[in-house]
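Basis for what follows: all heavy atoms, side chains included, without hydrogens, waters or symmetry-related copies. Just so we're clear, the structure is a prediction, and the values are computed from it rather than from any experiment. Every chain is numbered from 1, with letters handed out A, B, ... down the list of sequences.
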Protein chains: 2
Amino acid sequence: MTNAEKAKVYQEVLEHIRLFIEEHRLSPGDRLPSERDLSEELNASRSSIREALRAIELLGLIETKHGEGTFLKNYRPYHTVSLLSTFILNETRTKNELFEVKMLLEQNAAKLAMEHIDQTSITRLKEIVTEQHSRNNRHFHFFKTLFRLCDNDLLLKIWQLIEEFSRTVDIAEYHKEAYLELIEGIQDKDNQKIQYIIGQLYHL
Amino acid sequence: MTNAEKAKVYQEVLEHIRLFIEEHRLSPGDRLPSERDLSEELNASRSSIREALRAIELLGLIETKHGEGTFLKNYRPYHTVSLLSTFILNETRTKNELFEVKMLLEQNAAKLAMEHIDQTSITRLKEIVTEQHSRNNRHFHFFKTLFRLCDNDLLLKIWQLIEEFSRTVDIAEYHKEAYLELIEGIQDKDNQKIQYIIGQLYHL
DNA sequence: GTTCAAGAATGGTCTGACCACTGGATATTC
DNA sequence: GAATATCCAGTGGTCAGACCATTCTTGAAC
């Protein structure tokens with residue numbers, strides 16, 4: 001036997017759960033079978049079931065309520081992965097990959113948003129940049145709004161995921177002026193300028 | 001009692017492990033205490049210890065070797081991204097979103113690759129386009145090679161996941177000529193042309 | 001109808017057992 | 001002495017069963 005790659009029980013359980021969700025078309029808020037039921041159905045011990053459930057709970061995909069059950073959760077980045085911060089992410093290679101992807105996604109968003117932009121959105125963006133309370137979160141709010149304009153939920157989710165990871169390394173906040181210039185670029189539909197400004201943020 | 005927020009044992013274990021790693025300055029490859037030792041030291045059952053370990057194993061932070069022990073792993077975000085994606089991608093998602101993101105990623109890759117390209121890679125790309133056996137898989141092979149040139153595993157992983165998922169919807173294969181033109185664009189470092197060609201593939 | 005107590009279902013945790021794999025110590029053979 | 005085979009302690013993998021804490025339902029008592 002060269003490399004049988006025998007999967008652990010909890011990994012198989014994970015796959016079963018994934019399929020279960022798919023087959024039954026479960027939506028966030030819906031209840032999963034109880035640990036005991038899963039145990040019986042999958043022919044695995046309750047401990048193994050729990051190992052699997054705990055793992056995806058940590059990922060933020062499910063939620064357990066004592067005495068009630070296990071529920072599918074509306075996945076939101078920014079719940080769990082702060083764990084990673086002290087764990088690692090110190091490797092420069094990892095950091096660079098993260099920031100590069102983040103920058104690319106933001107460039108993509110800006111370009112797409114440029115095509116959908118209207119005066120109301122421009123105003124909203126300007127507000128976000130100048131609002132006081134978003135001082136420590138300007139970048140996040142600004143781009144979240146921008147991504148929303150793109151009308152592509154998948155793109156938004158990917159970005160949020162990457163953004164979350166990035167935070168465990170470094171919180172990126174830049175000068176107000178850059179964002180205002182960016183808005184100008186979007187308003188003028190000047191793609192070159194947009195790409196350049198975002199590139200500059202990341203000093204690449 | 002308003003909101004006691006009693007943490008589960010496995011979450012406390014997680015925190016202990018995190019601290020342990022920090023205090024002992026563990027690096028990837030180093031070994032963690034055995035499950036039984038942790039159990040005794042933290043005054044928790046082995047099951048609880050395992051729930052915690054399985055969770056961060058799934059995250060990709062550690063690696064367990066049967067009979068040997070548990071080891072700290074060199075963490076790469078794409079591991080987690082790929083995990084989450086199997087769930088995220090299954091959430092309601094339109095074909096358009098999927099293909100738009102795919103296109104954007106491919107545009108990103110082409111642009112990045114443009115900056116790293118050399119003669120050998122050009123030749124390799126041309127081969128892929130003209131090879132017979134990759135006829136039904138040209139797009140995938142071509143872009144996979146292109147993404148590799150970008151030297152960003154995270155970006156590659158994201159694209160691969162989306163590409164795979166796209167296949168369940170529709171298989172995209174285009175005319176040989178488009179790829180050859182794309183190679184030309186990359187060779188000439190003509191970004192506008194690159195973006196245009198890829199955009200055309202997706203008729204946007 | 002309202003209230004309250006009992007009970008069923010469910011997650012949370014622990015104990016202890018046994019198996020399978022690994023690596024080093026020890027014994028055996030040459 | 002060197003190579004090999006064997007054994008064994010340590011470790012992860014899995015399981016069965018127990019008990020507790022919480023929640024919700026059910027039905028009896030009022």
Side-chain angles (χ1 to χ4, degrees), chain A residues 1-17 20-21 24 26 28-74 79-80 83, chain B residues 1-17 20-21 24 26 28-74 79:
Chain A
M1 155 168 29
T2 51
N3 194 7
E5 282 293 336
K6 198 177 58 175
K8 296 179 191 174
V9 174
Y10 90 96
Q11 289 168 327
E12 288 170 9
V13 172
L14 231 40
E15 182 60 14
H16 273 272
I17 293 177
F20 183 90
I21 293 173
H24 292 70
L26 294 196
D30 290 345
R31 189 165 160 274
L32 289 171
S34 75
E35 296 178 352
R36 289 169 178 87
D37 285 352
L38 283 171
S39 170
E40 194 171 352
E41 189 178 342
L42 305 189
N43 214 18
S45 71
R46 211 183 133 202
S47 335
S48 295
I49 303 289
R50 282 184 63 83
E51 288 181 9
L53 290 177
R54 262 0 89 215
I56 54 178
E57 180 184 62
L58 188 67
L59 274 175
L61 294 170
I62 60 172
E63 184 178 16
T64 56
K65 296 180 187 170
H66 197 171
E68 295 184 61
T70 305
F71 301 84
L72 201 55
K73 198 169 158 184
N74 195 346
H79 265 243
T80 25
L83 252 180
Chain B
M1 153 168 31
T2 51
N3 193 3
E5 281 295 334
K6 197 177 62 177
K8 296 180 191 173
V9 175
Y10 92 96
Q11 289 169 326
E12 288 169 10
V13 172
L14 235 36
E15 181 60 15
H16 273 274
I17 293 177
F20 182 91
I21 293 173
H24 292 70
L26 294 195
D30 291 346
R31 189 167 159 272
L32 288 170
S34 75
E35 296 178 355
R36 287 170 179 84
D37 286 350
L38 283 171
S39 169
E40 194 171 353
E41 189 179 342
L42 306 190
N43 213 18
S45 73
R46 212 183 132 205
S47 342
S48 294
I49 302 290
R50 280 184 64 84
E51 288 183 9
L53 289 177
R54 258 5 86 213
I56 54 176
E57 179 184 63
L58 189 69
L59 271 176
L61 292 170
I62 60 172
E63 183 178 21
T64 56
K65 296 181 186 169
H66 197 171
E68 293 183 64
T70 304
F71 302 85
L72 203 54
K73 200 171 157 183
N74 205 335
H79 189 275

Chemist: On a heavy-atom basis, which atom in A:G60 and which in A:K73 lie closest, and how many Å separate them?
Modeler: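 Reported closest heavy-atom pair: O-CD, 3.7 Å.
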Chemist: More 5' along DNA chain D: A:V9 or B:D37, using each one's nearest nucleotide?
Modeler: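 Looking at the nearest nucleotide for each, B:D37 comes out on the 5' side.
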Chemist: Mind checking what makes side chain to side chain donor-acceptor pair (under 3.5 Å) contact with B:E35, not counting sequence neighbours?
Modeler: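 Partners of B:E35 under the side chain to side chain donor-acceptor pair (under 3.5 Å) test: B:R46, B:R50, B:R54.
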Chemist: Once you round to the nearest 0.5 Å, how far does CG of A:D30 lie from NE2 of A:H24?
Modeler: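 With rounding to 0.5 Å, CG (A:D30) is 11.0 Å from NE2 (A:H24).
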Chemist: Take B:K65 and A:G67, find for each the nucleotide of DNA chain C with the closest heavy atom, and name the residue whose nucleotide sits nearer the 5' end.
Modeler: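 Whichever sits nearer the 5' end wins; that is A:G67.
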Chemist: Can you list the residues that meet the side chain to side chain contact (heavy atoms under 4.5 Å, CB included) rule with A:H16, with sequence neighbours excluded?
Modeler: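 Result, side chain to side chain contact (heavy atoms under 4.5 Å, CB included) vs A:H16: A:L42.
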Chemist: Between CD1 of A:I21 and CG of A:L61, what distance do you get to the nearest 0.5 Å?
Modeler: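 It is 7.5 Å, given to the nearest 0.5 Å.
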Chemist: Could you measure the distance from the OG atom of B:S48 to the CG atom of B:N43? Nearest 0.5 Å is fine.
Modeler: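 These two atoms lie 11.0 Å from each other.
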Chemist: Applying side chain to side chain contact (heavy atoms under 4.5 Å, CB included), can you list everything that pairs with A:I62, at least two apart in sequence or on another chain?
Modeler: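 With neighbours one apart ignored, the set is A:L32, A:L53, A:I56, A:E57, A:T70, A:L72.
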Chemist: Provide the start and end nucleotides, 5' to 3', of the part of DNA chain D that has atoms under 4.0 Å from heavy atoms of chain A.
Modeler: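 Contact boundaries, 5' end first: D:dG13 to D:dC24.
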Chemist: Mind checking the CG-CD spacing from B:N74 to B:E63? Nearest 0.5 Å is all I need.
Modeler: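 Those atoms lie 10.0 Å apart.
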Chemist: Are A:L58 and B:L58 side-chain neighbours, meaning at least one heavy-atom pair lies under 4.5 Å?
Modeler: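 Sidechains of B:L58 and A:L58: no contact.
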Chemist: Listed in order of residue number, which residues of residues 42-51 of chain B have a non-hydrogen atom at under 4.0 Å from DNA chain D?
Modeler: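 Nucleic-acid contacts, sorted: B:R46, B:R50.
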Chemist: So with a 6.0 Å cut-off around CD of A:E40, is the heavy-atom count from everything else above 12?
Modeler: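 No, because the 6.0 Å sphere around CD of A:E40 holds 12 heavy atoms or fewer from other groups.
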Chemist: Could you tell me from which nucleotide to which nucleotide of DNA chain C, 5' to 3', there is an atom under 4.0 Å from chain B heavy atoms?
Modeler: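 Contacts span C:dG12 to C:dG23, reading 5' to 3'.
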